[in-house]
Amino acid sequence: MSEQQRLLAVENLQVTFDIMPRNAWPWTRPQPLKAVNNVSFTLNEGETLGIVGESGCGKSTLARAIMGMVPSQAGKVVWLGENLRGLSLKQLRKRRQRLQMVFQDPLASLSPRMTVGDIIAEPLRTHYPDIKGAELREKVDAIMDRVGLHPHQKNRYPHEFSGGQCQRVGIARALILEPKLIICDEPVSALDVSVQAQVINLLKNLQRDMGLSLIFIAHDLSVVKHISDRVMVLYLGNVAENATRAELFANPRHPYTQALMAAVPIPDPERERAKPPVELEGDLPSPMNPPSGCVFRTRCPLATEYCGKEIPVLEDKTGAGHWVACHYVEREEKLN
Amino acid sequence: MFFSDKHAGMGELADTLAEDAYTEGRSLWRDARRRFMGHRAAVASLLVLVLLLLFSAFGQFLSPWDNESIDWASLPNLDEDGVPSLASQHYFGLDPIGRDLYQRTVQGSRISLMVGVLGALTAVVIGTLYGAISGYVGGRTDAIMMRTLEVLSAFPFMFLVIVLMAVFGRNVLLIFVAIGAVSWLNMARIVRGQTLSLKRKEYIEAAMSVGVHPLLIVLRHIVPNVLGVVIVYATLLVPEMILFESFISFLGLGVSEPYTSWGALISEGADAMWTAPWTLIFPMLMLVLTLFCFNFLGDGLRDALDPKDR
């Protein structure tokens with residue numbers, strides 16, 4: 001893939017929140033919580049990057065940090081060759097035209113006192129105040145039609161729609177500015193399975209027709225498998241593994257990814273029972289106090305003393321674009 | 001043949017349906033109005049309040065007297081001639097110095113209601129904007145704005161009113177200023193609290209991610225969504241303002257003669273309570289009626305606008 005096609009490059013992005021400990025005095029130093037730690041990836045035009053991980057591993061924070069809605073402490077977000085970090089809010093607002101977001105809770109992401117038509121038109125009104133009247137109406141109608149909503153419903157209010165329809169409204173709002181990238185923050189996890197499929201297929205079609213790039217955050221592996229070109233696995237704010245979809249699902253190399261794959265239920269009781277049980281012990285450690293060395297070592301079946309000393313680097317060991325952050329990728333292969 | 005005809009008909013039907021199918025949505029406001037209409041006490045209160053407003057606006061045309069001239073003929077024998085009667089056209093009787101109480105009540109209602117409504121309006125406008133901006137911007141700005149508010153609310157306003165009256169003389173305008181200055185403080189606090197919880201909602205985040213200007217986010221997304229609470233609080237604020245004015249007037253610091261207000265009338269009436277009870281009873285009834293109605297109205301509005309009820 002050539003350099004011109006590169007849309008977004010995130011380099012060593014770090015997001016830290018200052019957390020006041022409980023019962024703190026006003027002068028107590030707040031403690032840092034590393035929500036996103038040294039995350040790097042690139043995204044090309046027309047590509048879909050799936051981001052998976054447990055809840056609380058920093059997926060949504062990463063998305064918001066890319067949008068510039070959460071301040072990041074270090075690293076770069078290079079958008080079309082320009083670092084978005086360090087831009088003023090005003091400059092950032094302009095860039096956001098090409099960089100839109102779809103949210104998790106379809107109903108909560110729509111203002112309850114506005115009609116659906118007004119909600120969809122809002123981005124246009126914000127960035128192109130000259131578009132008015134019939135022209136505006138036409139554009140809204142066209143985009144509603146595009147996402148599978150009847151334009152005559154535009155005088156209705158969000159609470160009169162179903163979850164799937166609300167999500168379509170959210171997608172229409174994100175699309176109306178003809179963005180290059182849409183960041184979908186768990187867009188289907190609040191929907192029924194059948195509606196999930198509709199929304200995902202809608203996103204896929206839109207992507208094909210409009211040449212969109214997507215960052216697709218989810219915790220459902222099957223959804224990610226369906227839509228992504230590349231998949232990135234996050235654990236406690238760190239990238240565990242980043243590979244093409246085919247490669248990752250066929251040949252997961254990080255022990256965390258392997259455990260995630262093993263946890264996907266198979267809709268066949270015979271095979272489900274025959275499946276070797278791979279269980280992770282314990283819970284996600286607190287990001288306030290992450291384990292030393294490899295953050296996954298407390299729950300890793302392969303961990304040794306060495307893992308506590310050295311932080312594994314995200315490396316492309318095979319040279320085939322399969323990035324893994326684990327000291328024992330080779331050893332584990334021997335074990336298999 | 002038949003089939004294709006039917007098809008064409010269906011197509012036309014679909015077209016006409018699509019034509020006028022721009023359905024009106026059922027807004028949350030409309031839902032609220034429907035719920036409000038189901039609240040009988042509130043609707044009745046609203047009706048009474050409208051009548052009271054009409055009374056204070058046009059009541060003076062129903063009586064031949066006016067609010068400042070003294071009925072010299074009845075003055076010598078106030079205890080008997082000053083009694084409320086339809087025959088003498090002193091519907092509410094005479095006050096202790098022989099002026100027509102009906103006209104004075106009409107005029108007093110005008111001042112009292114104006115004070116109440118204007119006070120609440122100031123509270124709504126200033127309080128909502130101040131609270132929404134403070135809550136939305138957050139951080140240091142929020143801290144400074146809130147501390148300012150605390151300093152203002154710690155200030156003894158009775159004292160301020162007394163000083164104002166002593167320096168500038170008794171003036172209706174000053175009462176408005178004084179009441180306007182106090183009324184918005186609590187409102188700003190309530191709106192700030194609401195804004196803090198709204199700020200984390202996804203639709204606010206969505207507006208931010210779209211790139212809407214922060215001031216527009218406040219005006220377009222936050223204010224309409226706190227308006228329900230604001231309206232309820234404002235209707236409950238109106239009686240509070242009326243009481244506040246009555247209190248000032250009762251102390252003799254309110255409006256100056258020949259103008260009067262409910263508070264001033266009640267104060268005069270309380271002095272003459274044993275010889276001319278009607279001088280107390282009529283203004284008092286008006287005040288009580290208004291306070292009850294506003295409280296019922298607030299109740300009904302709260303039930304209608306409570307988002308949890310949705």
Side-chain angles (χ1 to χ4, degrees), chain A residues 60 63-64 66-70 89-120 122-127 137 141 150-161 169-170 173-174 176-177 179 182-183 185, chain B residues 14-33 136-140 143 147 194-195 197-231 305-310:
Chain A
S60 299
R64 280 162 181 72
I66 294 170
M67 295 289 294
M69 284 155 62
V70 161
L89 192 65
K90 209 172 162 188
Q91 292 167 312
L92 208 55
R93 271 210 299 275
K94 225 166 168 183
R95 308 295 187 283
R96 282 182 190 160
Q97 255 188 75
R98 297 276 168 262
L99 188 70
Q100 290 288 317
M101 211 165 159
V102 173
F103 294 86
Q104 177 173 11
D105 187 336
L107 187 58
S109 64
L110 307 176
S111 181
R113 307 257 175 210
M114 279 166 91
T115 63
V116 161
D118 282 337
I119 291 172
I120 296 174
E122 186 173 40
L124 261 189
R125 286 215 186 99
T126 306
H127 290 281
R137 224 170 305 141
D141 283 4
H150 295 294
H152 65 251
Q153 292 174 322
K154 71 175 166 192
N155 290 329
R156 292 179 169 259
Y157 289 82
H159 66 273
E160 300 173 272
F161 287 92
V169 174
R173 167 175 60 189
I176 199 160
L177 290 171
I182 296 186
I183 300 179
D185 185 6
Chain B
D15 280 348
T16 41
L17 274 180
E19 281 296 304
D20 24 63
Y22 272 85
T23 40
E24 258 328 288
R26 217 161 29 89
S27 79
L28 293 183
W29 294 119
R30 203 187 294 187
D31 279 356
R33 196 171 59 205
Y136 181 74
V137 176
R140 195 159 294 164
R147 293 304 87 75
Q194 290 285 317
T195 309
S197 70
L198 282 181
K199 197 167 85 168
R200 296 276 159 244
K201 286 265 162 77
E202 280 188 337
Y203 60 87
I204 303 291
E205 238 181 335
M208 275 196 249
S209 79
V210 160
V212 182
H213 192 277
L215 194 66
L216 274 180
I217 294 185
V218 169
L219 291 180
R220 205 186 282 158
H221 294 278
I222 291 188
V223 169
N225 283 298
V226 295
L227 221 51
V229 183
V230 167
I231 289 174
L305 293 169
D306 195 347
K308 275 178 228 118
D309 222 31
R310 206 192 306 160

(Q) Please identify, among R95(A), R125(A), E122(A), the residue contributing the most non-hydrogen atom pairs under 4.5 Å to chain B. (A) E122(A)
Q | Winner by heavy-atom pair count (cut-off under 4.5 Å) against chain B, out of Q97(A), Q104(A), H150(A), K94(A) | A |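 So the answer, after comparing Q97(A), Q104(A), H150(A), K94(A), is Q104(A).
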Could you state the interatomic distance from [atom1] ([X]) to [atom2] ([Y]), rounded to the nearest 0.5 Å?
| X | Y | atom1 | atom2 | value |
| --- | --- | --- | --- | --- |
| M69(A) | L89(A) | CE | CG | 11.0 Å |
| M101(A) | R64(A) | CE | CZ | 4.0 Å |
| Y203(B) | D105(A) | OH | CG | 12.0 Å |

Segment of [X] engaging chain B (4.5 angstrom heavy-atom cut-off):
| X | result |
| --- | --- |
| S109(A) | both |
| S111(A) | both |
| H127(A) | side chain |

**Q.** Closest contact, heavy atoms only, A174(A) versus P179(A)
**A.**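 In this case the closest contact between A174(A) and P179(A) is O-CG, 3.2 Å.
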Q. Hey, does the side chain of Q100(A) reach the backbone of R96(A) with a donor-acceptor pair shorter than 3.5 angstrom?
A. yes
